[in-house]
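Each remark here refers to the structure printed beneath this line.
Residue numbers start from 1 in every chain, and the chains themselves are labelled A, B, ... in the order their sequence lines are given, proteins ahead of strands. Quick caveat, the model's predicted, so the values are computed rather than measured.
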Amino acid sequence: MIVCVLLPRFALTTAVGDRRELLQTPAALAPEPGGAQQVGEVSLAAEAFGIHPGMRLGEALARCPRLVLVAPDPAGVADGWERLLVRLESVGAAVEPERPGLVCFDARGLLRLHGGVEGVLGAVRRVLHVPARFGVAPSRFAAVAAASRARSRRPEIVAGGSAAAKDWERARAYLAPLPVRLLRARAALADLPEALERLGVKTLGELAALPAASLADRFGRAGLLAHELANGRDSELSPRPASEFLREVLELPEAASGTQLQRGLDLLIDRLLARRERRGRTIRSVVISAVLVEQGGTWREQVVFREALSNAVRMRLALAPKLSLMPAPAETLRLAVQRFGPLASDQRALLDDPSAARTARLREAIRQARAVAGPEAAMRVLEVDPESRFPERRAVLTPFEG
Amino acid sequence: MSGPRRLSVPRRVAVDAADDGRPLVVDSRDVDSIRESWLIEDRWWTEKPLRRRYWEIVTTCGRNEIVFHDLQSERWWRQR
């Protein structure tokens, strides 16, 4: 049983801050500096003009010339979202965040702890402190669809059908009358609903009734995935590992840039390394962020070190060049640990065996690649039946274990 | 960490074929020439025999592809 927690327009609401009145007007998140010229989340009033997230900036302004562009606040969104995820984890939820404002978790392990689904939702509501919409369904996609139809005080729980009905059958029955545009919730299927609607396929039930082979012929893998989702099937959740939140903040009395900012960064590194919670561990990756002057929004950069570090000088060497990417002077500078490495007691031998050193470097490179791109970043091709006449039987891809 | 994943897994492809089975259009691209064709039959002693007619083709836009016609299911697949 999957619970989806949806906070509509989370990034826009965070970026607006105290200027809540902007949400009543046509407003959209401006493109990030250096990014694609597309608007981010949009207000309800902007939606009424036909503007949607991901639309080209020029087209959005053409549709609504008085559209207010709000400077994005990526650091504020990341911080706010992390706080909410930690609160969810505090009730025992193993969360899989999809994007800021949308998170799912499997509630099966929590039902007895909190006294049923309503108890779980009540516990989540108590810790969140912000209005959210809840959808509960047997599959993740159905839960997201349910959350998008729910109201903040009325969760949508998919439990229809006979007791003997299988989970996917319940999910399929629930999804059948819903529009295919819900498929936009999946990044891989963002373009599919428009094509389906043009072909006359309006609901997920109509999509589910089509033969999978026809969808594969017309849309390839995206078509097959959409067919699976419409039939109430979905992949398992892969919850994130519970993380520690360790951060240092420096308020800068005057807007700072250049050398002054560099000194601020040095101070933050020293403070971070001195924190007791570090318990002698090295640091694998950090996030450096800043609040920019004159409501210029925020700036955020993730840095993964080539090897896990606990040496302030080497950390400075890696982090200092990032400061030059900041688009404006900063009012506040922050440095947060994103991931810890092993204990700092790993010492290099004075005379290394070259082959052992190479192997160690290779292992380290694999760990770095996995820290950045996930566990499937380094794989090995293993020949299982190289003489087979069928190409798909010759080799498999397995995790590289060094 | 996920388990082993097969390489060169066939993927569905849209093919228009002539009466003799020769592919004419692959994924909306006209076939310029056929370099080779071969038949593979295996597992004929089981409930799920495999019968494939492979075609190595060159499209008019210069792509060299290998497609096969699954003679059991009558579907076309691309394979690298």
With the threshold set at 4.0 Å, does a side-chain nitrogen-carboxylate oxygen contact exist between [X] and [Y]?
| X | Y | value |
| --- | --- | --- |
| A:Arg370 | A:Glu364 | no |
| A:Glu96 | A:Arg140 | yes |
| B:Asp27 | B:Arg78 | yes |

Give a yes/no verdict on a cation-pi contact between B:Arg51 and B:Trp44, requiring under 6.0 Å between NZ or CZ and the six-membered ring centre and an angle within 45° of the axis.
no
So, the part of B:Arg12 with a heavy atom under 4.5 Å from chain A: the answer is side chain
Most contact-rich option vs chain A, by heavy-atom pairs under 4.5 angstrom, among B:Arg75, B:Arg11, B:Arg80, is B:Arg11
Highest number of heavy-atom pairs under 4.5 Å with chain A among B:Asp42, B:Val15, B:Val13 belongs to B:Asp42
* Asked: Do the ring planes of B:Trp77 and B:Phe68 sit parallel (below 30°), tilted (30 to 60°) or perpendicular (above 60°)?
  -> parallel
Okay, A:Arg221 and chain B: the region with an atom under 4.5 Å from a heavy atom over there is side chain
Chain B shares the most heavy-atom pairs under 4.5 Å, among A:Gly220, A:Ala395, A:Pro391, with A:Pro391
